[in-house]
Novice: 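One structure, pasted below without further comment.
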Amino acid sequence: MNKINFKYIIILLLYILILTGCNNKAFLNKDSNEPKKIAFISMKQGGQLWGNIKNGARMAHEETNCLLDFYEPIEETDSFTQIKYLEEAAKGDFDVIIINPCDFTLLSTTIQKVQRQGATVLQIYNETIAYDGFQQFKMMTNFSPVGDAIADFVISNTHNQHLNALIVGSLLHTSAGSQTEMGIKQNFKNNNDIDFETVYCFGDSERAKKLVSEKLNKDDTINFIIALDETSSTGITEALNDREDNSKIKVLAWGNTLSNITGLENGSVDGIVAINGFGLGYRSIYAALDLIDNKVFPSTELDFAIVTKETFLNSRNQRLLFPQLL
Amino acid sequence: MSKKYKSIHSIFTKSIIIIALSIIIVMSYTLYYGFSQVSRDNALQNTKEIITQVNYRLKGYITTICEISDFTNEVDFINDKENTKEKLQTIINSRHDIVTIAIFNNLGELIISSDNEPTLSENEIIRQQWFYSVIIKKEGDYNKFFSSPHIQHIVKNKYPWVITYSKKISYIDENGNNQDGILMIDMNFSLISEMIRSATLGTSGYLFIIDEKGNVIYHPKQTLIYAGLFEEDKESIDNEVFGTFVNEHNNRERLTVIQTINDSKWRLVGIVYIDEVLSGVQSILVLVVILAIIFSIIAIILAWFSTKLITSPIKQLEHEMAEIEIETSKLPKAIEGSKEVNSLSLAYIEMIKRIRTLMRDIVTAQDLKRKSELEALEAKINPHFLYNTLDSVVWMAEQNETEDVITMVQALSKLFRVSVSKGHEIITIEEELEHVRNYLLIQKMRYQNFDFSINIKEDLKYCPIIKLLIQPIVENSIYHGIKYLVDPGIINIDVYSFDDKNIYIKVEDNGVGMDEKTANLLLSSYEENNESISSGNGIGIINVQERLQLTYGKDYGLSIETELDEGTKIYIKIPKNEAIYQLKVANKDTNI
């Protein structure tokens, strides 16, 4: 191509550029990208917290026009179904898999495997064990501050009495439960006058109820029961409802379930740990889209509050307890 | 470096293309901004209309709520509690948008409620915003209050999101005393939001309500706002208060229309995204741009061909002119095309014709000039010789040498016959040699001290030669060579040829010869030889050289070989042309 022809081509291109310049939005703003596909593997079907998380994810999905598929095991203890869903999602052409892993050991191997196969996995709420050289994408998985806040709440509500706390968790191998428990323990260690014990119900509220009843029957000095999740919370409130006199026992429930809120209203519950599940679900979708675009998603701390009867009317707490306005 | 000129076709084409494309660009931009403006105006109009409609609906709704609240003016709800409660129940049952209606006294004690369930304690009631906001109002103040959406916890185990309308009222208690109280009407938030949500502004445009403090009453993204995941552009809205403006929020340009809702201190805000407004225009403009590109291509093609049409005759004329330069005899053709080019072409033809005529005239004039010059040169020979010969004849007659006088006069007669040659410039070599022979004869009779010989090949005798070429050379040999010898001199004339191209005539003498400078002077032109000419030395040879080169060109002429005291050889080189007929001027008397 000689110099003159090249010059004319440049002029022609400039001309087309000027011509389309008036209209660049019509040409350039065409969203040529295919919708991003995201798999969302929850811990279980149902549950107030998971419902809020899903609602948040759905809202973000509507805003971003991504394709969102939910995978939900029936039981939160069913790590094998989670593994199956994870492998299925990895085989599908999802751009990102969001997962709330129910077992930090068992899921860890599978997550590593699918990541090696090219899948991108974002862990929310719970995280698996991190091995060296294994890149983890995680969001709002730090529950130590929650444990610390719970401990502060418990201590401040015992009014100089000897504290004998029963901590009830659901799953032994979840980072959220473990970190919360660790947060509480770390805080309690600073005070020699605290006795506490942790029991696990393994996703079964009936078992939680039974465990709490047994413990209360065995030890009448237990004066604070702390729930680490919704399942445990349900078991605790049911166990206490069966007892005639609970006046000496304080309860810190978990989650914005209706039973917890009515418990707070009638005084059977002294506080509720309310997590902003809606925000978690919403942000997780945007974080997944950032991962697809190879961007670093913003690091965000878990949004939570401990709501009491006195702070129930606080507008922020109202929004945490009743995230769905309509 | 020579300047590179552009063709007229190229200049015309580029100019037309630039003008056409500029017009297309300007038109495209005008179209774009025209459409954009119209779309923006339409969007503004539509948004205003929708907002006005929603505002009207909300205003109607609020008026209805206010009217409902007016029942407190007529009913004695202290002394006729059951009847009043029945009325409240009727309102609740007929209006799904109202959750609870209740009346409290100044201390937060419930006087009457549409709900049967127990309410919260007085302490909890007076801490609620809708209560204390009204109770602190003074007489004459706007005594109504609309709360932000909140969970109404006034009834046990019920947690609806409501907007509470509260109003200060007066009532007469059981003791007949006038008391202040608070009327509370909880409006179902979901029904209010449904009323606004049904109005849509494009795909992602929306309406929302804020109160006088900028708190969001309703927003389609209220859940996100409450979760801290979305922020409305409160600053701009607070700055504007009322009206319309365009600004950018979250990297999107948007049109905001704000209206106030009567009786509520609320403001209704409509947001329309400009990119959505212009999306319809964009699709039209895609078409416009495609058309613009097509028109551009057509413009380029038309520009090319139209200029070709104009410039083609000019190019043709240019071509004709170029051909004339090469082929001078050709006459250019008249060019068809535009009137101007045709006129130009005809004028050019006329000009060429005139130039040629003028050139012919110049050539003729030049020929005549050359002829006159030749004649002038020839004329220089005769007076010298005639004078000397006649002088010799007189002398011989005085000596009574009758025979010699006869011979000399005859020779002179023949000599002049050849000289005249019936006016011909070209004669045969034979005739030229005859002329020389007569001349030598005369000179021999005059000087007696030399002998001569003339040799020519038979086939060269009738070759043409310009006349009177050899005689001046022979004359030079006599006067500047032999004349100074003590012994008799010899002059040999040989005519020969080596090929078919040239003929050589050699005039050789054994005279005193000459130096190189003199020889060179003899071969130079008239102009360079003014000194020699003025002194009369060698004028004959110079004439011969001039005549030879004027006639035959620079390749022909004289060459001299000479050596002092040895003699001189002068060569005449002429072209060998076809034999011509003899004029027979020399044959009238061959007895010499």
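What's counted below: heavy atoms across the whole structure, side chains too, no hydrogens, waters or symmetry copies. Letters go in sequence order (proteins before strands), and every chain restarts at 1.
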Novice: Please look at A:Thr262 and chain B and tell me whether the side chain, the backbone, both or neither of the residue comes under 4.5 angstrom of a heavy atom of that chain.
Specialist: both

Novice: Tell me, for B:Gln129 versus chain A, whether the close heavy atoms (under 4.5 Å) come from the side chain, the backbone, both or neither.
Specialist: neither

Novice: Is a side-chain N or O of A:Gln318 found less than 3.5 angstrom from the main chain of B:Ile151, in a donor-acceptor match?
Specialist: yes

Novice: Within a reach of under 6.0 Å around CD of B:Glu212, are more than 12 heavy atoms found that belong to other residues, nucleotides or ligands?
Specialist: yes

Novice: Decide side chain to side chain contact (heavy atoms under 4.5 Å, CB included) for A:Phe312 and B:Tyr159; before the verdict, give the C-alpha distance in whole Å, the side-chain angles of both, and the deciding distance to 0.1 Å.
Specialist: CA-CA 11 Å; A:Phe312 177 72; B:Tyr159 310 100; 3.8 Å; yes

Novice: Side chain, backbone, both or neither: which part of A:Arg283 has a non-hydrogen atom closer than 4.5 Å to chain B?
Specialist: side chain

Novice: Other residues, nucleotides and ligands only: do more than 12 of their heavy atoms fall within 6.0 Å of CZ on A:Phe70?
Specialist: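 Buried by this count: over 12 neighbours within 6.0 Å.
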
Novice: Would you indicate whether B:Phe12, at its atom CZ, is surrounded by more than 12 heavy atoms from other residues, nucleotides or ligands within a distance under 6.0 Å?
Specialist: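 12 or below, so no.
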
Novice: Identify the residues of residues 264-277 of chain A whose heavy atoms come closer than 4.5 Å to a heavy atom of chain B, ordered by number, or report 'none'.
Specialist: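 Against chain B, the residues of residues 264-277 of chain A that fall inside the cut-off (heavy atoms, under 4.5 Å) are A:Glu265, A:Asn276.
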
Novice: Tell me, for A:Ile261 versus chain B, whether the close heavy atoms (under 4.5 Å) come from the side chain, the backbone, both or neither.
Specialist: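 Contact with chain B: backbone and side chain both.
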
Novice: Assess the residue pair A:Glu63 and B:Leu224 against the criterion (side chain to side chain contact (heavy atoms under 4.5 Å, CB included)); give the C-alpha distance rounded to whole Å, side-chain angles, the decisive distance to 0.1 Å, and a yes or no.
Specialist: CA-CA 11 Å; A:Glu63 285 182 1; B:Leu224 295 177; 2.9 Å; yes

Novice: At a 4.5 Å cut-off on heavy atoms, which part of A:Glu310 comes close to chain B: side chain, backbone, both, or neither?
Specialist: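 Only the backbone of A:Glu310 comes within 4.5 Å of chain B.
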
